[in-house]
2 protein chains.
Amino acid sequence: MSMTDPSLKPRRRGRPPKQDGAYLDTRERLVRTGVAILTEKGFSAVGIEEILASAGVPKGSFYYYFGSKEEFGSTLIAAYAEYFARKLDRWFLDESRPPLQRLRDFVEDAKAGMARFDFRRGCLVGNLGQEMGTLPEPFREKLHLVFLDWQARTSSCLRAAQADGQIGTDLDCDHLAEFFWIGWEGAVLRAKLERSPAPLDAFSRGFFTALHLQA
Amino acid sequence: MSMTDPSLKPRRRGRPPKQDGAYLDTRERLVRTGVAILTEKGFSAVGIEEILASAGVPKGSFYYYFGSKEEFGSTLIAAYAEYFARKLDRWFLDESRPPLQRLRDFVEDAKAGMARFDFRRGCLVGNLGQEMGTLPEPFREKLHLVFLDWQARTSSCLRAAQADGQIGTDLDCDHLAEFFWIGWEGAVLRAKLERSPAPLDAFSRGFFTALHLQA
DNA sequence: ATTTTTATAGACGACCGGTCTATAAATACC
DNA sequence: GGTATTTATAGACCGGTCGTCTATAAAAAT
């Protein structure tokens with residue numbers, strides 16, 4: 001850093017970036033729209049043109065913001081993972097509720113989220129996971145890591161439930177969290193297929209019942 | 001039926017069908033190849049040309065055997081459902097094993113089946129379910145019915161386990177079977193993503209543990 | 001005026017999608 | 001044998017869309 005006053009605008013040379021503030025900048029809009037569309041239709045079946053059209057962004061712009069469709073996909077995975085991690089934290093770290101209730105809260109929220117879009121949109125990570133047969137190989141590890149992250153947050157919440165005496169201390173929270181996410185993704189898939197919340201309810205009922213039974 | 005001797009060949013007019021017997025007839029080969037490829041890559045991402053090439057069937061033939069790609073897809077769903085139902089029966093109706101063991105046997109067999117293809121192929125029905133966002137609408141009901149069929153067969157097996165005293169009579173076998181299939185499909189998806197049997201083991205371990213716990 | 005950076009417009013070539021028509025092959029009819 | 005009939009294949013076809021790239025406009029600093 002030099003001696004020049006940093007509060008004074010040291011404007012860079014060319015045309016300034018948008019940052020209108022009025023409404024979302026173009027790149028952000030592409031990401032949002034991309035996530036929305038991919039959660040419904042997956043990656044391979046969707047062309048960038050569809051996303052561009054839906055976002056109201058001219059085609060020429062795309063390759064200014066992203067190097068390729070693959071890079072765009074990676075960005076979407078990261079954005080979705082981040083968005084979802086925040087969502088999990090919001091529920092799982094809510095100290096005003098008993099830990100196990102927080103997990104139930106999340107389930108209800110997720111269910112409401114799917115209902116809002118008529119059970120047409122699922123989980124981006126689950127969708128792309130299913131598509132791995134035709135996806136760029138680097139996606140695999142990224143998606144896997146996302147699941148591990150979500151599981152870790154869930155496991156934390158379950159351990160809090162143990163500390164509270166809500167579930168037995170003999171249970172292995174990591175295993176339980178893994179079990180939850182394996183099954184939950186199955187439930188989301190099924191809910192999308194049936195266009196109904198029933199599979200989400202069926203799975204969560206089963207899961208919580210199993211949690212409360214004692215060996 | 002007329003009076004003519006049915007044992008005498010009442011040959012039809014034109015060129016006779018293949019039925020070489022030597023190797024599978026063309027249509028059958030298309031179905032087999034189609035199932036193999038779709039279990040790996042899904043429906044939308046695969047063109048008929050790829051299937052044709054892999055089956056060694058000339059492109060011109062396709063529309064002789066099937067009216068459209070959609071009709072072909074329906075045929076594949078039906079073929080796979082049938083194939084899988086037989087597989088379930090083979091395990092679930094094996095009287096030489098205790099009922100619950102039959103379910104374990106199925107799980108092991110399915111795991112071995114996935115391992116045989118390096119966890120690259122999943123479940124056709126699960127794959128297409130995930131893709132419903134871009135699939136012909138009539139597929140939805142077909143896929144859903146396939147799950148109901150598999151669940152019914154599973155529920156039967158669980159009731160046999162109740163009759164044998166292997167699991168409590170208070171359990172609702174229909175619910176359990178539904179829970180199993182929701183989660184199992186999630187496990188298959190995850191196993192495909194991770195290219196590993198671990199998710200299948202994690203889910204089945206959790207499921208059987210839950211089964212044996214008493215309220 | 002020129003330079004530099006930001007952003008858009010739209011052409012582009014290649015490829016592949018599913019479909020259809022024309023033809024070959026094999027047999028029965030006359 | 002020639003023709004009708006059925007089975008199966010060959011390969012053209014055209015439209016769409018894919019991802020990319022080049023040319024240019026816009027805005028500000030020099």
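Here is the naming used below: chain letters follow the sequence lines, and residue numbers restart at 1 for every chain.
With A:Asn127 contributing its side chain and A:Leu38 its backbone, the two residues share a donor-acceptor pair below 3.5 Å.
With salt bridges taken as basic N to acidic carboxylate O contacts below 4.0 Å, none links A:Asp105 and A:Arg90. We find that A:Arg153 and A:Asp89 are joined by a salt bridge, their nearest charged nitrogen and carboxylate oxygen being less than 4.0 Å apart. Looking at B:Lys59 and B:Glu49, a side-chain N of the basic residue comes within less than 4.0 Å of a carboxylate O on the acidic one, giving a salt bridge.
Aromatic pair A:Phe139/A:Phe43: centroids less than 6.0 angstrom apart.
Distance, B:Leu30 CG to D:dT9 C1': 13 Å, rounded to whole Å. The separation between A:Tyr63 atom OH and D:dA23 atom P is 19 Å, rounded to whole Å. Taking atom CG of A:Leu52 as the reference point, atom C1' of C:dA9 lies 12 Å away to the nearest angstrom. Rounded to an integer number of Å, the gap from A:Phe62 CZ to D:dG19 C1' is 9 Å.
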Which atoms of nucleotides 13-17 of chain C (N or O only) lie under 3.5 Å from a protein N or O atom, and what are those distances?
unit_1	atom_1	unit_2	atom_2	d
C:dG17	OP2	B:Glu49	OE1	3.2

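In this model, the phosphate group of D:dA8 is approached by a side-chain N or O of B:Tyr64 to a distance below 4.0 Å at OP1 or OP2. The phosphate of C:dT8 (OP1 or OP2) has a side-chain N or O of A:Tyr65 nearer than 4.0 angstrom.
Note that the OG1 atom of A:Thr209 and the NE2 atom of B:His175 stand 10.5 Å from one another [nearest 0.5 Å].
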